[in-house]
Amino acid sequence: MNSLTVYLIIAAALFSLGLFGVLMRRNLIGMLISIELMLNGANLNFMAFNRFLAPEPAVGQIVTLFVMGIAAAEAAIGLSIILAVFRRLRSINIERAQRLRG
């Protein structure tokens, strides 16, 4: 039960659910959460390959820490953009935000 294939299937499912959420959501916060789900699927892949294939055990963990740092920065910037859109339009619906095109 503890094999690379199981981890890769779970990571692919997480990434697919995140991609589905990004494509189907009309809400900006829902899209941001879906992007985080996609990043977690990628992190699971890094950790699984680190566990089963890497000769140096710290490589996958370091890459995962970098991805987590990027995800935190992305969440902070994304939430500030969502807040700015909400202040301007009084909605976080992505269809209403299309009016902001230049």
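These numbers come from a predicted model, not from an experiment. The figures that follow rest on heavy atoms only: side chains count, while hydrogens, waters and symmetry mates do not.
Taking both residues in full, the closest heavy atoms of R25 and S34 are given as CG-OG, 4.5 Å, listed atom of the first, atom of the second, then distance. Minimum interatomic distance between A71 and L39 (heavy atoms only, all atoms of both residues): CB-CD1, 3.6 Å. Looking at every heavy atom in both residues, A11 comes nearest to N45 through CB-OD1, 3.3 Å. Of all heavy-atom pairs spanning I29 and N27, the tightest one is N-OD1, 3.1 Å. Across A58 and N50, no two heavy atoms sit closer than the pair N-OD1, 4.3 Å.
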request  = Kindly determine whether F15 and L44 satisfy side chain to side chain contact (heavy atoms under 4.5 Å, CB included), including the steps that lead there.
outcome  = CA-CA 10 Å; F15 191 85; L44 185 58; over 6 Å; no
query = Yes or no on side chain to side chain contact (heavy atoms under 4.5 Å, CB included) for E74 and E36, after CA distance, side-chain angles and deciding distance?
reply = CA-CA 9 Å; E74 175 259 335; E36 294 292 329; 2.5 Å; yes
request  = Please lay out, stage by stage, how L4 and R51 fare under the test side chain to side chain contact (heavy atoms under 4.5 Å, CB included).
outcome  = CA-CA 8 Å; L4 180 62; R51 164 79 168 84; over 6 Å; no
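Residues L14 and M24 do not share a hydrophobic cluster, defined by chaining ILVMFWY side chains whose heavy atoms lie under 4.5 Å apart. Hydrophobic clustering (side-chain heavy atoms under 4.5 Å, transitive across Ile, Leu, Val, Met, Phe, Trp, Tyr) groups Y7 together with L53. Under a hydrophobic clustering in which Ile, Leu, Val, Met, Phe, Trp and Tyr are joined whenever their side-chain heavy atoms come within less than 4.5 Å, directly or via other members, L28 and L89 fall into the same cluster. Tracing side-chain contacts under 4.5 Å through hydrophobic residues (I, L, V, M, F, W, Y), one never reaches L79 starting from L83; they form parts of separate clusters. Under a hydrophobic clustering in which Ile, Leu, Val, Met, Phe, Trp and Tyr are joined whenever their side-chain heavy atoms come within less than 4.5 Å, directly or via other members, V63 and M47 fall into different clusters.
Crowding of F52 atom CZ: a count of heavy atoms from other residues, nucleotides or ligands under 6.0 Å exceeding 12.
Distance check, rounded to the nearest 0.5 Å: CD1 of I77 to CG of L32 gives 11.0 Å. A distance of 6.0 Å separates CG in L17 from CG in L37, rounded to the nearest 0.5 Å.
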